[in-house]
Q: 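So that we are looking at the same thing, I have put the structure below in structure tokens.
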Amino acid sequence: MRLSRFFLPILRETPKEAEIVSHRLMLRAGMIRQESAGIYAWLPLGLKVLNKINAIIREEQNRAGAIELLMPVIQSADLWRESGRYDDYGKEMLRIKDRHERDMLFGPTNEEMITEIFRSYVRSYKDLPLNLYHIQWKFRDEVRPRFGVMRSREFLMKDAYSFDLDAEGARHSYYKMFTAYLRTFTRMGLKAIPMRADTGPIGGNLSHEFIILASTGESEVFCHKDFLALDAPAENVDFESRAAMQGVFDTWTSKYAATSEMHDAAAYEAMPETDRVSARGIEVGHIFNFGTKYSEPMKAVVNGPDGKDVTVQMGSYGIGPSRLVAALIEANHDEAGIIWPDAVAPFNFAIANLKVGDGATDAACEKLYGELSMAGFDVLYDDRDDRPGAKFATMDLIGVPLQIIVGPKGLAEGKVEVKHRRTGEREMLSLDEVVNKFATKKG
RNA sequence: CGGGGCAUAGCGCAGUCUGGUAGCGCAUCUGCUUUGGGAGCAGAGGGUCGCAAGUUCGAAUCUUGCUGCCCCGACCA
């Protein structure tokens, strides 16, 4: 992408409403635009990051055996009357009427709808287990939206729903998502800790929140320090093996970790003081096992091996990709701006042409831009006729991991400078060295 | 939902108390000079002062109503 042709509305000053660093940086970097309280437009740079996050989520959901579909944003109230939640949900649910005065609503979650879909088609235990997910916009009419996309009213959610014949199978499904979540967050460069959690209005008896530690987090959390050093399950972990899944779950729940609602001060204080971690956290995922809470009232049943109807066991599993964008920035930034982890960076490389119009400099930039793009990388080429300082500031602000600085000084020696955004490390390389060193990394 | 605050140019703000026809910095546009960490000079454009009523010869400024947004708390992916 040539920056001169891109849409990147960067702000030099911080809009006054932004309180936390991720919100400030997202506005300054031209990632989002507030359209209403808690409602944001995603500008091109923000959307690129959001899409990269979604891609990782999809890969890990698919790996764990979940199947993607897409349900609508607008739902019928009748569905929610069946589960009893139409009255329970309260003012957080945005209710609307269509032209025929039918009661509709803007979906805050999809348990009812997925249960309706399931019961319409699935008749046999042989079709279980089944896990269906989608990535769709949700609306929750929060009393007080704040912190930009961290707590917005309209937000993107990946929600998966599992269906099993019995409680044991449902546990396995739960563990599979548990494992997939650990892998998902790790791939994004985040350390997420699963914590026993309250089930809230979703219901059920088993629930974990995935929390990343950050000083600006909204919840207070407590855990054993060993979790910070634990590695996520490997790519080849066997999701179909109940023993393997149980093993992952046991490892990650062997020590104390809880949010403030579930906090057991006695158990926490029983740990040696040096093992205790008390911090603030951001909830980036939440999983639930709720048995027959929806399948029972909505009559989601299958025929069992003995020919008798069995009410299916369900669970639901949510990740907020839009919130993750903010959480990633909270965890990865400095005074100059964002520092994207490679896996979610909107661009892999930024090329700064320090002297637009200079034949040799232009040619070197074009060569790098062409070859890195051909190698499959997302490359941002700053070809604007602007001063070097402005270009450096822009690259740092939007946080591109690798910056290639091309100017007459370096080219006189046949070199360009490669700067690593995260470490600040710089190396002088020839054009060929840059291409050889990096362009082969990606298939 | 309780409490507090704000609304003037794209962004950040002054002007409001004490009514007299709107200003500063940044950004934008033009020209010249600059060019390895957000350049300098000269010039230009851009605002029915959130909306609606009212008071007044005259309202950004005073009054009333409305709307939007932000912050603190209780609730939440």
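Each chain gets a letter, A, B and so on, in the order its sequence line appears, and its residues count up from 1.
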Q: Kindly write out the residues that satisfy salt bridge (charged side-chain N to carboxylate O under 4.0 Å, His left out) with A:Lys16, not counting sequence neighbours, or none if the list is empty.
A: none
Q: What nucleotide among B:rG73, B:rG12, B:rG37 has an atom nearest to a side-chain atom of A:Pro15?
A: B:rG12
Q: Using the P atom as the reference point in each nucleotide, state the distance between B:rG15 and B:rG58 in Å, no decimals.
A: 26 Å
Q: Expressed as a whole number of angstroms, how long is the span from A:His23:NE2 to B:rC70:C1'?
A: 11 Å
Q: Between atom CG in A:Leu11 and atom P in B:rU28, what is the gap in whole Å?
A: 12 Å
Q: List for me each residue that meets side chain to side chain contact (heavy atoms under 4.5 Å, CB included) alongside A:Asp88, sequence neighbours excluded, and say none if there are none.
A: none
Q: Generate the contact string for nucleotides 1-9 of chain B. Rules: B means base contact, S means sugar-phosphate contact only, - means no protein heavy atom under 4.0 Å.
A: B----S---
Q: Check the interface with nucleotides 24-26 of chain B: list each N/O to N/O pair with the protein under 3.5 Å, or write none.
A:
| unit_1 | atom_1 | unit_2 | atom_2 | d |
| --- | --- | --- | --- | --- |
| B:rG25 | N2 | A:Glu13 | OE1 | 3.0 |

Q: Kindly point out which of B:rC75, B:rG38, B:rG36 is positioned nearest to the side chain of A:Thr394?
A: B:rG38
Q: Just the rounded figure in Å: distance from P of B:rG73 to CD of A:Glu220.
A: 13 Å
Q: Would you kindly give the CZ-to-P distance between A:Arg384 and B:rA39, to the nearest whole Å?
A: 11 Å
Q: For A:Ala336 and A:Gly285, take the nucleotide of RNA chain B holding the closest heavy atom to each; which residue's nucleotide lies nearer the 5' end?
A: A:Ala336
Q: How about A:Asn131 and A:Met177: do any of their side-chain heavy atoms sit closer than 4.5 Å?
A: yes
Q: Taking atom types as they are modelled, is there a donor-acceptor pair under 3.5 Å from the base of B:rG37 to the side chain of A:Arg426?
A: yes
Q: Do A:Glu417 and A:Gln403 make a side-chain contact, defined as non-hydrogen atoms from C-beta onward lying under 4.5 Å apart?
A: no
Q: Within residues 34-42 of chain A, which residues have any heavy atom lying less than 4.0 Å from an atom of RNA chain B?
A: A:Gln34, A:Ser36, A:Ala37
Q: Could you go through nucleotides 29-34 of chain B and list every protein N or O atom that sits under 3.5 Å from one of its N or O atoms, giving the distance for each pair?
A:
| unit_1 | atom_1 | unit_2 | atom_2 | d |
| --- | --- | --- | --- | --- |
| B:rU34 | O2 | A:Arg387 | NH1 | 2.5 |

